[in-house]
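First the structure, in the form of structure tokens, and then the observations on it.
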Amino acid sequence: MARIRTIKPEAFSSESLAAVSITAERTFFGLLTQADDHGRFRDQSAVIAGLLWSLRPEHGPIEVEDDLTQLAGNDLICRYEGEDGKRYLHIVTFSKHQKVNRPSGVRHPNCPYHDGGRVPLTSPLAQGGLREVSVHHQGPSPELTPTAPPTSLIPVSAGQGSFNEPSGKHHGEMREPAPSPHGPDLGPRIMDLGSPLGGASAPTPPQTVTTQHLVGEYAAACGKRPPESVLGHVGREIGKLLREGIDPQHVRAGVERMRVKSLHPSVLPSLVNEAMNPPQATGGGRRAPQPYTNPVDAEAAYGGQL
């Protein structure tokens, strides 16, 4: 159930909100009205799209998922999994900007990162990158004795704290360290810097072309950014074509023709059809049609009957 919430004037000069797209900012403001009295809500892009974008069918669950990804990347929301195995989101600064006189009971599980003390998912250590736990010491120290094996670069996955693991090299022989009790077993530590977790390079997952991507390409190709009303019309036409199952490459070709010829967005379906079904050249020895001319001898041409 939606609630009455306030938006401060400073929100429109917020650097965090300025770092996301206009649609992501609108989704953020909409989440303020849907979240419970503790700033939490179910992390379901389809449900959020139905609540906040029901009259904008071109902005569906895929586009809302992109909005949530932008908001989480800029620490505006925190996405987490509750103890019930369901996905939730938490508006990080909700308690600072929303004053609820009589808050209702807890409707959703607490955020384990902001309410439970765990490292947030948006921490630099939680992006799957490499972190150097320690360096080689020339002498003994409280953390590393002379007999302790040196540490190496290890991947740190989301939700894990700092921990040390011995490298595979120890006194001239190779061995595989035991799985850490603090997280999942990441397999052998033979790192291939070209892959996420080492070993053979994983295949690159196919990227889904969305309405927002194509509109962004169109706006970037223009000399100056088109008016928002034009971009909105282009987005609606592109969304209709993609929902019909038309190949995004054909849609992209139609958008490019529309941009080059400076045509109205309403003709985009015709341009996409032209890209899908290019006109066939006349061939096969057929004679081109000749213009009609009066016969020289009318009596011979009409058999003497006029």
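Start at 1 with the first residue, then count along the sequence. Note that the structure is a prediction, hence the values are computed from the model and not measured.
Atom CG of L271 is separated from atom CZ of R259 by 13.0 Å, given to the nearest 0.5 angstrom.
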**Prompt:** Can you list the steps and then say if R42 with D36 is a salt bridge (charged side-chain N to carboxylate O under 4.0 Å, His left out)?
**Reply:** CA-CA 10 Å; R42 285 295 306 277; D36 62 14; over 6 Å; no
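Using a 4.5 Å heavy-atom cutoff, the side chains of R225 and L231 are in contact. For the pair Y218 and V230, the minimum side-chain heavy-atom distance is below 4.5 Å. In this structure, L31 and L68 have side chains that are in contact, with non-hydrogen atoms separated by less than 4.5 Å. Between H90 and Y113 the shortest side-chain heavy-atom distance does not fall below 4.5 Å. Two residues are said to be in side-chain contact when any heavy atoms from C-beta on lie closer than 4.5 Å; Q212 and D66 meet this criterion.
Each ring-ring contact (aromatic ring centres under 6.0 Å, His included) pair with one or both residues in residues 230-255, not counting sequence neighbours, appears once here: H233-H264.
Figure legend: R79 and Y88 shown without cation-pi pairing, the cationic atom not lying both under 6.0 angstrom from the six-membered ring centre and within 45 degrees of its axis.
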Sequence neighbours left out, cut at 3.5 Å: what donor-acceptor pairs do the side chains of residues 242-249 make with other protein atoms?
from, atom 1, to, atom 2, distance (Å)
R243, NH1, P57, O, 3.1
D247, OD1, Q249, N, 3.0
Q249, OE1, R252, NH1, 3.1

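For the residue pair I48 and F41, the shortest heavy atom distance occurs at CG1-CE2, 4.0 Å.
The 12-atom threshold is exceeded at CZ of R257, counting heavy atoms of other residues, nucleotides or ligands nearer than 6.0 Å.
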